Protein chains: 2
Amino acid sequence: MSYVVNRGPRPVAEATRERVLAAMEELNYRPNASARALKLARTYVLGLMMTDITNPYYSEFARIFQDLAYEAGYAVMIANTAHDGAKEIAELKSLLAREVDGIAAYGVREEETLELLASSGVRTVSMDWHLTRDGMPSVVIDDYRATRLAIEHLQGHHHQRIGLIGGTGDRTARQQAWRDAMGPILGRDLEGLAEWGEFSRDGGYHATMRLLDRPDRPSAMFVSSDVQAFGALRAAQVLRLNVPRDVAIVSFDGTVASAYTSPPLTTIQVPYEQVARQCLRKLTDPRDSFEMHTTLDHYLEVRSSCGCNPEP
Amino acid sequence: MSYVVNRGPRPVAEATRERVLAAMEELNYRPNASARALKLARTYVLGLMMTDITNPYYSEFARIFQDLAYEAGYAVMIANTAHDGAKEIAELKSLLAREVDGIAAYGVREEETLELLASSGVRTVSMDWHLTRDGMPSVVIDDYRATRLAIEHLQGHHHQRIGLIGGTGDRTARQQAWRDAMGPILGRDLEGLAEWGEFSRDGGYHATMRLLDRPDRPSAMFVSSDVQAFGALRAAQVLRLNVPRDVAIVSFDGTVASAYTSPPLTTIQVPYEQVARQCLRKLTDPRDSFEMHTTLDHYLEVRSSCGCNPEP
DNA sequence: TTGTAGGCGTTATCAG
DNA sequence: CTGATAACGCCTACAA
């Protein structure tokens, strides 16, 4: 009987209860989630969309999100959008077809994705810089201020020419912050000190190669993500440039992987667990009284790539 | 009508077909996966169990597996077993309760997990060293031979004292291969040259610290996984030991991350995509005529940490 | 306090 | 070739 397995909504006599339990055991009964989902119109499954789970930033987030979701009784389905609009839309449809109860999305770029999300009515949270125009709830840190903080730290090390490794796509806050910080100092040199690449090791590697392999190279760079910084470090080594002596680096994410590079990266620390926790709350909490946009605190994790800790 | 959306199992007149299509459009019809799953007893969802998706080896596998599964019409649910028996069992139950059509499992260690898997009747594939005793299908590479290959390469660089960074738990093939290779050479010193740690950066870091921070340290080490090697590289740097000059390293996995370390790692390359493809086949192909255990080919990806390429 | 029956959205079978 | 209908397994309202 349903009442005993679900402890309600109405009481059951102890004797009957035991009898039912015994029968369940006997018949090796397993509740059928599909039937339950059909009846309740809830699947207890959440979708997690990311550009690429291979990026430590996303895999570390996925780990925490899955743990927390599990504790709350939810399973999580993953979707890789692969920096590709068509794939993004297709994967979203797949999630929607499975009737997930909510979707946490990193890096949506397609207009159609936003429309699909809105028209489907699933609860959604974006972890990217506020998608205000669409009224989609979000949980983020202040990318603009974080980037300014990173650049100011580099300036504290007396760097004048600070380059940018930016991400392809529209992480506008980060590149805008760099522009605002360096524009007044670099003037006409500004555009020459920015290079762009995918959010991947390879993207960071090639962008850094272009930025550093020339005489007027910057003495420091702000790299938009840890994963790009891994590629940047490799590029510096190939060019026989010492980090931080020849080029100082500050990056963005605060992955645990960034603590194990040579040298360890100074990086903007995103509060993963809090982000995950807030996402989950917005996706699953029945009370609907949340703020639309939540901005969490970040800080600068100071290690060696900026020049602070010359020892290994 | 069902026949038009599923193109079968019986023909439909063109006129009716159009009429149905129009109605679907009109009512903004979306098929309900739960109802479909209930009726068909198939969910088109696969479960992927891993100890820790934060490990690049697993996240890179997950990426490919999810891509391939998606193309075949399946969604994938992830489960982190977290090197923890109780969590492993609990996560498995969660997957089972959702009635996934198949489970791909990395690093199952609990007897109860195996029993649950067997009694539930879900199709299962293990990617760990053949779990022969339980008759569970598997897709693996020959860990033993791969490890011997790695060690022989180090011996080719004239190393006599080759240490081991092993994984906690029972990756028996790898440590056994090291024992067999080094036992005759090291004799009584053998046990002193092995250290153990979790399959994580931190695990590799601490194990390496213990192994290298002493006068009789080995001149080379075989590290059981790339992720541990990342920690090992960091440890070497803290100890002011140059890799490969002071310690040569060969590791195991062939993650793309391993190409971006300083120095880049020489590592056993696992054929990710083929492994994923075979897993998927065993989990979803209706014809049941597959070999129980599939062993795929590996090779040694030679980069710099072994001493082969002195240039950066 | 307990048994029963109807319906959630599909698919497949059966009669037309 | 088409329209109606039963059944999948669960939850809950209603009757006993």
Side-chain angles (χ1 to χ4, degrees), chain A residues 1-47 72-75 77 93-102 116 119-123 284 286, chain B residues 1-47 72-75 77 93-102 116 119-123 284 286:
Chain A
M1 197 44 104
S2 161
Y3 301 128
V4 12
V5 8
N6 298 334
R7 303 158 187 289
R10 81 186 187 194
V12 169
E14 189 56 31
T16 337
R17 187 182 145 74
E18 301 238 327
R19 203 154 52 84
V20 173
L21 254 22
M24 281 171 50
E25 181 70 22
E26 169 101 19
L27 302 175
N28 192 243
Y29 168 84
R30 303 208 155 283
N32 179 314
S34 304
R36 191 160 208 275
L38 176 60
K39 181 66 190 174
L40 301 182
R42 298 198 63 188
T43 54
Y44 289 92
V45 175
L46 262 19
Y74 288 82
M77 268 180 196
K93 284 182 176 164
S94 157
L95 249 29
L96 255 21
R98 259 94 185 178
E99 238 111 334
V100 293
D101 288 344
L116 237 37
S119 73
S120 73
V122 245
R123 285 206 187 196
T284 65
Chain B
M1 197 42 102
S2 160
Y3 303 125
V4 12
V5 6
N6 298 334
R7 304 158 187 286
R10 82 186 185 192
V12 170
E14 190 57 30
T16 341
R17 188 182 143 73
E18 301 238 327
R19 204 153 53 84
V20 173
L21 254 21
M24 280 171 51
E25 182 71 21
E26 170 101 19
L27 302 174
N28 192 239
Y29 168 84
R30 301 209 157 282
N32 180 315
S34 304
R36 191 157 206 274
L38 176 59
K39 184 65 188 176
L40 301 182
R42 297 197 64 186
T43 54
Y44 289 93
V45 176
L46 262 18
Y74 288 81
M77 269 182 196
K93 284 182 177 166
S94 159
L95 248 30
L96 255 21
R98 259 96 185 176
E99 239 112 330
V100 293
D101 289 344
L116 238 35
S119 72
S120 73
V122 246
R123 284 205 187 197
T284 66

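Each chain gets a letter, A, B and so on, in the order its sequence line appears, and its residues count up from 1. Just so it is clear, the model here is predicted, and its values are computed rather than measured. Just so you know, these numbers use all the heavy atoms, side chains as well, and skip hydrogens, waters and symmetry mates.
For the helix from C:dT1-D:dA16 to C:dG16-D:dC1, the terminal axes (five pairs an end, C1' atoms, rotation from four pairs onto the next four) enclose an angle of 60°, given to 10 degrees.
The side-chain contact (heavy atoms from CB on, under 4.5 Å) test applied to A:Ala41 returns no partner, not counting sequence neighbours. In terms of the side-chain hydrogen bond (donor to acceptor under 3.5 Å, both in side chains) criterion, residue partners of A:Ser94 (sequence neighbours excluded) are, by chain and number, A:Arg98. By the side-chain hydrogen bond (donor to acceptor under 3.5 Å, both in side chains) test, A:Thr43 pairs with A:Asp101, sequence neighbours left out. Considering only residues two or more places apart in sequence or on other chains, A:Ala97 meets the side-chain contact (heavy atoms from CB on, under 4.5 Å) condition with none of them.
When distances are taken from the side chain of B:Lys39 to each of C:dA12, D:dA7, D:dC11, the shortest belongs to D:dA7.
Straight-line distance from the CZ atom of B:Arg42 to the C1' atom of D:dC8: 16 Å, rounded to whole Å. Residue B:Leu40 contributes atom CG, which lies 12 Å from atom C1' of D:dA7 at whole-angstrom precision. Look at CZ on A:Arg98: it is 17 Å from C1' on C:dG9, rounded to the nearest Å. Atoms CG (B:Asn32) and C1' (C:dG7) sit 13 Å apart, rounded to a whole Å. One interatomic measurement links the two molecules: CG of B:Leu38 to P of C:dC8, which rounds to 14 Å at whole-angstrom precision.
Between A:Val45 and B:Val45, every side-chain heavy-atom pair lies at or beyond the 4.5 Å cut-off.
Residue B:Arg36 has a polar side-chain atom (N or O) positioned under 4.0 Å from OP1 or OP2 of C:dT11.
The two residues B:Ala35 and B:Asn32 have their closest heavy-atom pair at N-OD1, 3.0 Å.
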